[in-house]
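Read through the structure below, which is laid out as structure tokens, and then see the notes.
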Amino acid sequence: MSDAEPRGASLTVGTRRELTIERLVAGGDALARDADGRVVFVDAALPGETVEVEFVEMKRDFARARLVQMISASRERVEPPCRHVADGCGGCDWQHLAANAQHDQKVAVVREAFARTARMPDAPIVRGGAVAHDASRTTVRMAVTSQGRLGFRRAASHDVVETEQCLVMHPLLQSLVSTVGVRGEGEVTLRCSVATGERAVWSHDKARVLGLPDDVAAGAAAVVHEDVAGARLRVSMASFFQASPQAAELLVDAVARAAGDALDGRDGVVVDAYGGVGLFAATVVPIGVQCVLVESSESACSDAYENLRGRSATVMHTRFEHWRAVRAGLVIADPARSGLGKAGVTTLLDTAAPTVVLVSCDAVAAARDARLLVDAGYDLVNAEVLDLFPHTHHVEVVSHFVRGA
Ligand SMILES: C[S@@+](CC[C@H](N)C(=O)[O-])C[C@H]1O[C@@H](n2cnc3c(N)ncnc32)[C@H](O)[C@@H]1O
């Protein structure tokens with residue numbers, strides 16, 4: 001609180017205050033408290049920093065504020081390594097945090113989510129693997145600037161900032177972004193394969209990509225092939241794939257370690273729920289073990305069908321909540337950001353699987369699902385936090401559950 005303002009004075013939009021940041025929270029913002037103890041979310045601040053902020057949004061239980069002046073900076077604060085942050089690019093929201101400190105902060109965010117949302121303050125949260133900080137992303141979704149160039153959106157805005165030299169993008173995509181132009185508005189997905197060098201683009205809306213080099217395939221049905229943990233995977237542009245093969249390898253490794261002996265098929269089939277193109281079914285499930293992949297995207301299912309040829313696998317094209325569950329020895333579930341929710345957990349329980357490996361890309365969803373599973377009789381063995389999205393607040397959590405006695 002600044003000396004000029006009496007403690008407890010009513011705060012309104014535009015009021016300035018001095019605050020000390022407690023911690024980072026899921027979603028990437030920093031959390032502080034005003035003189036009355038009310039939570040204030042501040043963007044671009046770090047734990048331990050004292051900052052002057054201006055309130056921009058007032059709610060009954062919390063407020064939002066923007067950082068206007070740094071009073072005492074964290075030792076982990078750095079100059080953002082990517083020059084487009086200064087242009088306003090909102091693609092990477094943690095560039096001001098030292099790269100080697102980002103992973104620990106993600107572990108802390110997940111620990112806090114399990115403590116608050118799952119009411120599991122002692123949950124065994126451990127630090128897992130991390131991809132290279134720079135130049136690793138092989139799938140990106142970009143928007144179009146008013147000048148017909150590709151870029152990323154400004155934070156909390158629809159404006160698009162041209163990103164001529166993106167820090168996290170694989171060089172094969174970088175050279176594409178610098179070459180092409182785009183006519184019309186919308187978003188474009190770009191994907192490349194590290195294994196084969198293939199590249200492809202897919203315009204989601206009315207945007208038309210111009211000047212594509214001859215090697216680049218286009219459209220929702222265009223494919224690239226990527227190698228992960230010894231498996232070659234076909235990935236259509238309309239199918240989900242992890243941000244990079246490095247990220248996929250780390251996930252496969254974490255899932256395989258969590259699943260352990262449950263992969264041998266002795267207790268029943270392995271279910272790869274929300275299975276995408278078959279990343280886990282094609283890598284962690286041993287050949288000869290019965291596997292059922294459940295996936296709602298038609299494109300991903302046809303890729304999975306190709307990727308799982310020669311294996312004892314069945315591809316079920318349906319929403320997991322609508323799938324008629326079979327008895328399983330292991331369920332690997334990798335839902336979208338919102339998590340399994342009650343409906344997904346209900347289906348999972350119908351499998352009676354003694355072991356569950358849950359992959360979550362949101363800390364709060366991970367904690368919410370953990371609480372549902374624990375209430376249903378599972379024990380959490382541990383939750384491993386991976387850093388697959390450097391320079392951003394995004395987390396990946398692999399949680400291992402076993403059914404209690
Ligand atoms: C985070 S991705 C994981 C895919 C895969 N496990 C991988 O790592 O590549 C989630 C997948 O779930 C699919 N999906 C989304 N909602 C679904 C639902 N309700 N039922 C089944 N699949 C769903 C998406 O199409 C996507 O392929």
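Both ligands and their constituent atoms are indexed starting at 1 by order of listing. What you see below is based on every heavy atom in this structure, not just the backbone, and it leaves out hydrogens, waters and symmetry mates. Residue numbers start at 1 and run along the sequence shown.
- Contact annotation: for Leu279 versus ligand 1, heavy atoms closer than 4.0 Å belong to the side chain alone.
- Atom 12 (O) of ligand 1 has Tyr274 CB, 3.4 Å as its closest protein atom, hydrogens excluded (heavy atom only).
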Check against side chain to side chain contact (heavy atoms under 4.5 Å, CB included), Gln165 and Arg83: CA-CA 8 Å; Gln165 198 63 50; Arg83 65 185 165 95; 3.7 Å; yes
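- Proximity to Pro335 (heavy-atom distance under 4.0 Å) selects the following atoms of ligand 1: 1 (C).
- Regarding atom 8 (O) of ligand 1, its nearest protein heavy-atom neighbour is Gln242 NE2, 2.7 Å.
- In this pair, His204 and Trp202 present their aromatic rings tilted. The plane angle is within the 30 to 60° band.
- The closest approach between any non-hydrogen atom of Thr318 and ligand 1 is below 4.0 Å.
- For atom 16 (N) of ligand 1, the nearest non-hydrogen atom from the set Ser296, Gly344, Ser299 comes from Ser296.
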Side chain to side chain contact (heavy atoms under 4.5 Å, CB included) assessment of Leu330 paired with Leu263: CA-CA 7 Å; Leu330 164 69; Leu263 283 166; 3.5 Å; yes
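- Using modelled atom types, one finds no donor on one side chain facing an acceptor on the other under 3.5 Å when comparing Ser193 with Arg232.
- Ligand 1 has Gly275 within reach: a non-hydrogen atom of the residue lies less than 4.0 Å from it.
- Asp334 OD2, 3.1 Å is the protein heavy atom nearest to atom 3 (C) of ligand 1.
- Heavy atoms of Phe241 stay at 4.0 angstrom or farther from ligand 1.
- The shortest contact between atom 19 (N) of ligand 1 and any protein heavy atom is with Glu321 OE1, 2.9 Å.
- Between Leu233 and the choices Asp303, Val228, Val224, the side-chain contact (heavy atoms from CB on, under 4.5 Å) rule is met once, by Val228.
- Residue Tyr378 is tested with Thr355, Leu349, Leu358 for a side-chain contact (heavy atoms from CB on, under 4.5 Å); the sole match is Leu349.
- Considering only non-hydrogen protein atoms, atom 20 (N) of ligand 1 sits nearest to Phe320 N, 2.8 Å.
- From the protein, the heavy atom lying nearest to atom 27 (O) of ligand 1 is Glu295 OE1, 2.8 Å.
- Side-chain atoms of Gln174 never come within 3.5 Å of backbone atoms of Met169 as a donor-acceptor pair (strictly under, hydrogens ignored).
- Ligand 1 places these atoms under 4.0 Å from at least one heavy atom of Ser297: 25 (O).
- No hydrogens or angles considered: a donor-acceptor pair under 3.5 Å links the side chains of His391 and Asp134.
- With no hydrogens or angles considered, a side-chain donor-acceptor pair links Thr196 and Glu198 at under 3.5 Å.
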